[in-house]
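Notes follow once the structure below has been shown.
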Amino acid sequence: MTYKSDYLQTLQRRGYIHQITDAEGVDARASKPGLMAYIGFDLTGPSLHVGHLMSIMMLRRLQQHGGKPIALMGGGTTRIGDPSGKDTQRQLLDNDTIAANKASIRRVFERFLTFGDGPNDAMMLDNADWLLDLNYVEFLRDYGRHFSVNRMLTMDSVRLRLDREQPLSFLEFNYMVLQSYDFVELNRRYGCVMQMGGSDQWGNITMGVDLGRRVAGAELYGLTTPLITNADGSKMGKTAAGAVWLNADMLADWDYWQFWRNVDDRDVGKFLRLFTDMPDDEIARLEGLEGAEINDAKIVLANAATTLCRGAHAAEAAEATARATFAEGGAGEALPHVSVPFPIALVDALTATGLAASKGEARRKLGENAVRLDGEPVSDPNHLISGPARLSLGRKRHALLVK
RNA sequence: GGAGGGGUGGCCGAGCGGUCAAUGGCAGCAGACUGUAAAUCUGCCGGGUUUUCCCUACGUUGGUUCAAAUCCAACCCCCUCCA
């Protein structure tokens with residue numbers, strides 16, 4: 001459909017919209033300033049990853065269009081565990097771990113959102129603030145009666161588990177109840193009227209919308225984003241090394257930049273639209289580049305995405321290093337520095353830098369002529385390296401050996 | 001509760017007394033080709049050891065045997081059908 005509000009127009013044009021509970025209603029609301037919307041984030045790990053970037057960018061877009069975004073930390077719900085998309089109960093996290101994860105995760109939001117008390121400032125809240133002190137019996141009387149178990153059983157998150165005859169504990173069964181209550185509580189406390197999230201959250205979101213109408217007569221909205229896949233069909237954001245973490249202490253700036261630099265040709269335009277603030281016409285131009293020239297677009301993407309998440313300095317350093325390493329065959333400061341005792345045998349240097357997982361693998365790679373020292377092919381496992389040098393495995397993986 | 005079937009390397013999935021570190025596929029890594037892309041082809045793909053040697057591994061624990069992922073027993077878990 002065609003939207004009137006700048007916000008939804010942008011979301012649609014940029015590819016963020018999967019489903020909306022009431023598109024006209026959201027459009028009307030978004031046409032006025034101050035639309036308040038939230039997205040919840042689980043605190044199951046010490047950092048968010050690229051898979052969460054869609055959600056974060058949704059909040060950023062909202063702020064850019066005059067709305068007030070809320071990043072909701074799931075300090076309470078993480079103690080329950082969202083059963084969506086999982087076959088088994090997740091290991092329950094203890095409170096200290098959740099608190100540590102929250103402290104670690106919250107910093108990344110400051111790069112994407114401007115926090116404060118103004119009508120257009122972002123807020124960070126924690127549902128532990130209202131979930132932990134709930135009185136069980138009162139809660140059941142006030143809210144539990146609005147939940148139909150019949151309906152809950154039809155929710156994907158529940159039904160899929162039951163259909164596969166996988167166990168679903170009562171604890172997990174309650175997750176959607178608490179998430180629904182979050183929405184109502186955010187509406188009551190702050191006037192928040194919209195919840196956004198990934199497409200897997202649709203069921204949880206619509207239950208919140210319904211609950212709000214039933215207990216408070218509130219008109220609430222929900223909007224989900226599509227699952228982003230790579231052009232080859234794989235899930236976006238996974239690499240051999242694991243998740244692409246947003247936190248700098250979990251993944252080096254260099255590797256973060258490289259992740260974006262190496263996306264599939266066919267994904268460049270899509271990713272520029274979703275994960276950068278690049279204007280549409282510029283993206284269209286970059287997308288139109290042919291053949292090897294598309295590398296320029298990837299560099300733009302890598303710089304923009306890295307600048308957003310890690311800062312302009314990190315992006316510049318990574319680009320300079322990439323130029324020095326790949327275009328000039330030298331080395332750049334952003335390459336990983338690995339401290340080793342000189343002299344060191346080639347095999348040991350390969351394992352010390354992590355370029356090879358074991359000595360056996362190191363020997364194999366040497367046999368495959370995949371290893372270079374300062375750009376020169378080497379093959380003798382026992383070759384002694386006497387001082388600082390650049391060690392490379394293949395074309396892409398490099399490390400600087402330092403004292 | 002009864003009757004069957006099954007648990008194998010990151011995943012899927014063969015093997016069913018020695019020649020099994022275990023066919024094959026996927027994923028991954030490297031090489032060629034390129035553009036730090038895709039596709040394709042080739043090689044590698046538990047660990048150690050300069051290498052037909054050792055260690056670890058086929059749900060768990062014991063046992064039989066010169067020898068077990070393969071046979072036996074007990075236990076744990078999963079699936080299907082019946083009640």
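Side chains included, hydrogens not; waters and symmetry mates left out as well; all remaining heavy atoms used. A note on names: the letters A, B, ... follow the listed sequences, proteins ahead of strands, and every chain is numbered from 1.
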Grab the CG-P distance between A/Leu366 and B/C44 for me, whole Å please. 16 Å
Nearest-nucleotide 5' precedence on RNA chain B, A/Thr351 against A/Arg397: A/Arg397
Should A/Phe275 and A/Met54 count as side-chain neighbours, where that means a heavy-atom distance under 4.5 Å? yes
Using atom CG of A/Asp296 as one end and atom P of B/G35 as the other, report the distance to the nearest whole Å. 13 Å
In whole angstrom, give the distance that lies between atom CD of A/Glu361 and atom P of B/U49. 14 Å
Backbone of A/Tyr3 reached by a side-chain donor or acceptor of A/Gln9 within 3.5 Å: yes
Taking A/Thr353 for the side chain and A/Ala349 for the main chain, is one N or O donor matched with an acceptor at less than 3.5 Å? yes
Counting Watson-Crick and G-U wobble pairs with both distances under 3.5 Å, what is the dot-bracket string for RNA chain B, 5' to 3', using [ ] for crossing pairs and | for pairs to another strand? ((((((((.[[[..)..(.....]]].(((((.......))))).(((....)))...[[[[[..)....]]]]]))))))).
What I want to check is whether an N or O donor and acceptor connect the side chain of A/Lys365 with the base of B/C29 at under 3.5 Å. yes
What's A/Trp260 touching, base or sugar-phosphate or nothing? Going by heavy atoms closer than 4.0 Å. nothing
Pull out every protein N or O sitting under 3.5 Å from an N or O of nucleotides 50-57 of chain B, one pair per line with the distance.
{"from": "B/U50", "atom 1": "O4", "to": "A/Asn382", "atom 2": "ND2", "distance (Å)": "3.4"}

Considering only heavy side-chain atoms of A/Ala292, the closest of B/G35, B/C29, B/G47 is B/G35
Does the side chain of A/Leu171 reach to within under 4.5 Å of the side chain of A/Arg79, using non-hydrogen atoms? no
With heavy atoms under 4.0 Å as the rule, sort A/Gln258 into base, sugar-phosphate or nothing. base
Roughly how many Å apart are B/C16 and B/C26, using the P atom of each and rounding to a whole number? 24 Å
Please measure how far the C1' atom in B/C76 lies from the corresponding atom in B/G13, and state the result in whole Å. 23 Å
Check: A/Asp22 side chain, A/Gly25 main-chain N or O, donor-acceptor pair, under 3.5 Å: yes
Comparing nearest nucleotides in RNA chain B, the 5'-proximal residue of the pair A/Arg323, A/Lys359 is A/Arg323
Nearest whole angstrom, please: distance from the P of B/U36 to the CD1 of A/Ile299. 10 Å
For atom C1', what is the distance between B/A67 and B/G63, given to the nearest Å? 15 Å
To the nearest angstrom, the CZ-C1' distance between A/Arg372 and B/U36 comes to 12 Å
Using the six-membered ring wherever Trp is involved, compare the ring planes of A/His52 and A/His49 and label them parallel, tilted or perpendicular (cut-offs 30° and 60°). tilted
Provide the distance between the two C1' atoms, one in B/G46 and one in B/A69, to the nearest whole Å. 16 Å
What distance, rounded to whole Å, do you find between the two C1' atoms, one in B/U8 and one in B/G25? 15 Å
Using a 4.0 Å heavy-atom cut-off across all strands, classify A/Gly291 as base, sugar-phosphate, or nothing. base
Does the separation of the ring centres of A/Tyr38 and A/Tyr190 fall below 6.0 angstrom? no
Considering just the side-chain nitrogens and oxygens of A/Ser358, establish if one lies under 4.0 Å of OP1 or OP2 belonging to B/G48. yes
If only side-chain N and O atoms count, and only distance matters, is there a donor-acceptor pair under 3.5 Å linking A/Gln258 with A/Arg261? no
Flag for A/Thr325-A/His398: side-chain donor and acceptor within less than 3.5 Å: no
B/U60 to B/U70 separation - P atoms, rounded to the nearest Å: 11 Å
Hey, are the side chains of A/Thr44 and A/Asn101 touching, using non-hydrogen atoms and a 4.5 Å cut-off? no
Please measure how far the P atom in B/G7 lies from the corresponding atom in B/C53, and state the result in whole Å. 32 Å
Heavy-atom count check: over 12 atoms from other residues, nucleotides or ligands less than 6.0 Å from A/His337 NE2? yes
Under 3.5 Å side-chain donor-acceptor pair for A/Trp130 and A/Asp182: yes
Heavy atoms only, 4.0 Å cut-off, all strands: where does A/Ala322 land among base, sugar-phosphate and nothing? base
Protein and nucleotides 37-41 of chain B: nitrogen or oxygen contacts under 3.5 angstrom:
{"from": "B/A37", "atom 1": "OP1", "to": "A/Lys396", "atom 2": "NZ", "distance (Å)": "3.0"}
{"from": "B/A37", "atom 1": "O4'", "to": "A/Lys298", "atom 2": "NZ", "distance (Å)": "3.4"}
{"from": "B/A37", "atom 1": "N3", "to": "A/Asp265", "atom 2": "OD2", "distance (Å)": "3.1"}

Establish, from distance only, whether the side-chain atoms of A/Gln201 and A/Asn204 form a donor-acceptor pair under 3.5 Å. yes
Pick the P atom in B/G59 and in B/G6, then give their distance to the nearest Å. 13 Å
A/Glu368 CD to B/A30 C1', in whole Å, measures 5 Å
